[in-house]
K.L.:
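Mind looking over this structure? Questions follow.
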Amino acid sequence: MGEIPTFYKGLIEQQEAVEKLIVDAAVEHSYEKALMAFTLSKTVPSLLVAKKILDDMIVANKAYWPELH
């Protein structure tokens, strides 16, 4: 396969960090880690938007998500 160019490697590592944080958030019931994951996501433009999305998702998926502290 060869070496991954820096730009693509950065995108991959950032996405991996998002996924690891969201898994850690679920396992540890951590609101802070979930918020970090949403904030780090390339699809979310800011911390304030990340918090709004996370809070809305917690309400919408209450029956499926662990309680976050």
K.L.:
I need the Lys51 NZ to Leu54 CG distance, nearest 0.5 Å.
P.N.:
7.5 Å
K.L.:
Taking all non-hydrogen atoms of both residues into account, name the closest pair between Ile4 and Lys9 and its distance.
P.N.:
CG2-N, 3.5 Å
K.L.:
Does Gln15 have more than 12 heavy atoms from other residues, nucleotides or ligands lying within 6.0 Å of its CD?
P.N.:
yes
K.L.:
Is there a donor-acceptor pair closer than 3.5 Å between any side-chain N or O of His29 and the backbone N or O of Glu67?
P.N.:
yes
K.L.:
Is there a path of hydrophobic side-chain contacts, each under 4.5 Å between heavy atoms, that joins Leu47 and Tyr31?
P.N.:
yes
K.L.:
Supply the atom-to-atom distance Leu21 CG to Leu40 CG, rounded to the nearest 0.5 angstrom.
P.N.:
6.5 Å
K.L.:
Give a yes or no on whether Ile22 and Val59 share a hydrophobic cluster (residues Ile, Leu, Val, Met, Phe, Trp, Tyr; joining criterion: side-chain heavy atoms under 4.5 Å apart).
P.N.:
no
K.L.:
Only one of Val27, Leu68, Asp24 forms a side-chain contact (heavy atoms from CB on, under 4.5 Å) with Lys33, so which one is it?
P.N.:
Asp24
K.L.:
With rounding to the nearest 0.5 Å, note down the distance linking CD1 in Ile58 to CD1 in Ile53.
P.N.:
12.0 Å
K.L.:
Give, for atom CG of Asp56 and atom CG of Asn61, the distance between the pair rounded to the nearest 0.5 Å.
P.N.:
10.5 Å
K.L.:
Using the rule given for side chain to side chain contact (heavy atoms under 4.5 Å, CB included), can you reason through Leu48 versus Lys52, listing the C-alpha separation, both sets of side-chain angles and the distance that settles it, and then say yes or no?
P.N.:
CA-CA 6 Å; Leu48 294 176; Lys52 173 80 171 112; over 6 Å; no
K.L.:
Are Val18 and Ile12 linked, directly or through other ILVMFWY residues, by side chains that come within less than 4.5 angstrom of each other?
P.N.:
no
K.L.:
Which pair of non-hydrogen atoms, one from Ala25 and one from Ala34, has the smallest distance, and what is that distance?
P.N.:
CB-N, 3.4 Å
